[in-house]
Amino acid sequence: MWNFFILLVFCCCLGAMSRANLEQSKLQCACFNATAPESCTNNKITCDVEAGKVGSCFVVWSSDNVTGENRVSLQGCFINESCNNTECVSDGPTRNNVNYCCCRGNMCNSKFKYVPLPPSPEELEEVVIPAPPSDKPSENLVIVIVACCAVVIVLVSLGGVFFYRNRKTAMFNEVPTNEPDISSSSLTLNSPRPIHLIEQKARGRFGAVWRAQFKSDEVAVKIFPLQDKDSWQSEQEIFKLPRMKHLNILEYIGVEKHSETNEFWLITAYHSLGSLCDYLKAHTVSWSELCKIAESMARGLTHLHEEFPATKADGLKPAVAHRDFKSKNVLLKADLTACIADFGLALIFEPGKPCGETHGQVGTRRYMAPEVLEGAINFTRDAFLRIDVYACGLVLWELVSRCTEHDGAVPDYTLPFETELGIHPSVEEMQENVVTKKMRPRIPDHWRSHSGLNAICDTMEECWDHDAEARLSSSCVMERISQHTRYPTTQLFIESNTDTLIKNRTVSM
Ligand code: ADE
């Protein structure tokens, strides 16, 4: 009798469990398909989820840049093990201004939202503080005249664009106006575009950098949103200057304008080692690696700063100041030579023309020279170049801090002033320490136990001199470092103020 009762209870439980299992294998989600509306009845879909699989609901949508209105292109269910959210929340447009979110639970995708990720520490450090607007009437008059000219130029250009619309060819170095591309509003990667975005590698001041595929080559695509179109324009202007093709300047490939998503793409060479900052976080460097990186970096900066007269083949290359020089903006190629990237804030100095700059305090707080922090720069070419050299001194410090070629322990990577001021120093803290107290990153005594490193330490100190006019030029920095690369077993005695070589002595290293 008891046996029969136990069997009955067991069978009831089994029945209940299998019913529960059957219920668990159905998932109901909000359903929408912009391209096939008939595929969703009552805006709901019930999906069968195979035993052992996990079903999730999802939404794909885009936001109108002007009105902010959300346009859903797909809502439904799919098998996804890794989606653990109960709410459907996107942390930002994935690509082409498309948002995606997924969630677990019946109808969890009937509501969805976009909650931006907090900015990265680097983004928090980037400041662009415009100078107060001018109150001089003559300057205002000039602004009005320039604005009127700009309106006329824009109208004439629009006329030109309209006239040539039918002759458009999608070529690099031009700005193709892509026709609306319906596939771009879905997550499928089988877009007809020749460039396929693969993976987001970095986020900077202006949009994101993606690793992408162009034919059989890997390229980097920097995507500027509509509001940063001016930066896209100014960065490509720098790349298109005569003689900007240089081994130690990031190689420019082209630009694309994606009107349908209001994105502006800048396509450059891709370097899988990423930035010097990323590299130093993960690796230490030997003395010869340090020399290679430092010399090529200084060579790139020297080329950028240099003015070259016009030749038969090329126009004049003006001097260019980077204005956001830092280890994040130095990329490493596979052979560990460096190239300089991110010209979004760069300034061109055409001979005989004023630089026309009104924003003095730009760049990354941590790397700002004392005169920038003080707001006391004079707007001359040399003043801007010296500001880059100050930052270059800090990058040399970062490199030496991760070099294994001395008697002491190699600490984990830290940004300049991170030990002293933490990861988010305010402008006021930077001013108090770098300007008032003349603080600089600490150079431990044991770094000087190696004659080569000792010379690099002297060089960095001469780069970050408080007196901007006493700083080395970028070409002197390059010369100093290349002497060590050429004569690795030679200790060089350099008279610092004249930068002339006065004596060589061979030492064991
Ligand atoms: N990060 C920024 N730009 C890059 C590039 N061109 N290659 C690799 N990583 C990058």
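Owing to the predicted nature of the structure, the values given are computational and were not obtained by experimental measurement. Remember, it's 1-based here, ligands and their atoms both numbered in the order they're listed. Numbering starts at 1 and runs along the sequence shown.
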Considering only non-hydrogen protein atoms, determine which one is nearest to atom 2 (C) of ligand 1 and report residue, atom name and distance to 0.1 Å.
V209 CG1, 3.7 Å
Give me the residue, atom name and distance of the protein heavy atom closest to atom 6 (N) of ligand 1.
A269 O, 2.9 Å
Under 3.5 Å, is there a donor-acceptor pair between the D335 and T337 side chains?
yes
Numbering as shown, the atoms of ligand 1 that approach T268 to under 4.0 Å (heavy-atom distance):
6 (N)
Side chains of S327 and Y367: donor-acceptor distance under 3.5 Å anywhere?
yes
Taking the six-membered ring for Trp and the full ring for Phe, Tyr or His, determine whether the centres of H258 and F264 are under 6.0 Å apart.
no
Using a strict 4.0 Å cut-off to heavy atoms of Y270, name the atoms of ligand 1 that fall inside it.
7 (N), 8 (C)
State whether a side-chain donor-acceptor pair under 3.5 Å links H303 with N248.
no
Check this for me - ligand 1, L331, N or O atoms closer than 3.5 angstrom, yes or no?
no
Identify the protein heavy atom lying closest to atom 7 (N) of ligand 1, giving its residue, its atom name and the separation to 0.1 Å.
H271 N, 2.9 Å
Is there less than 2.5 Å between the SG of C463 and that of C392?
no
Non-hydrogen atoms of A341 versus ligand 1: any pair closer than 4.0 Å?
no
Look at the aromatic rings of Y279 and H283 and report parallel, tilted or perpendicular, splitting at 30° and 60°.
parallel
Per-atom filter on ligand 1: closer than 4.0 angstrom to a heavy atom of A220 are 5 (C), 6 (N)
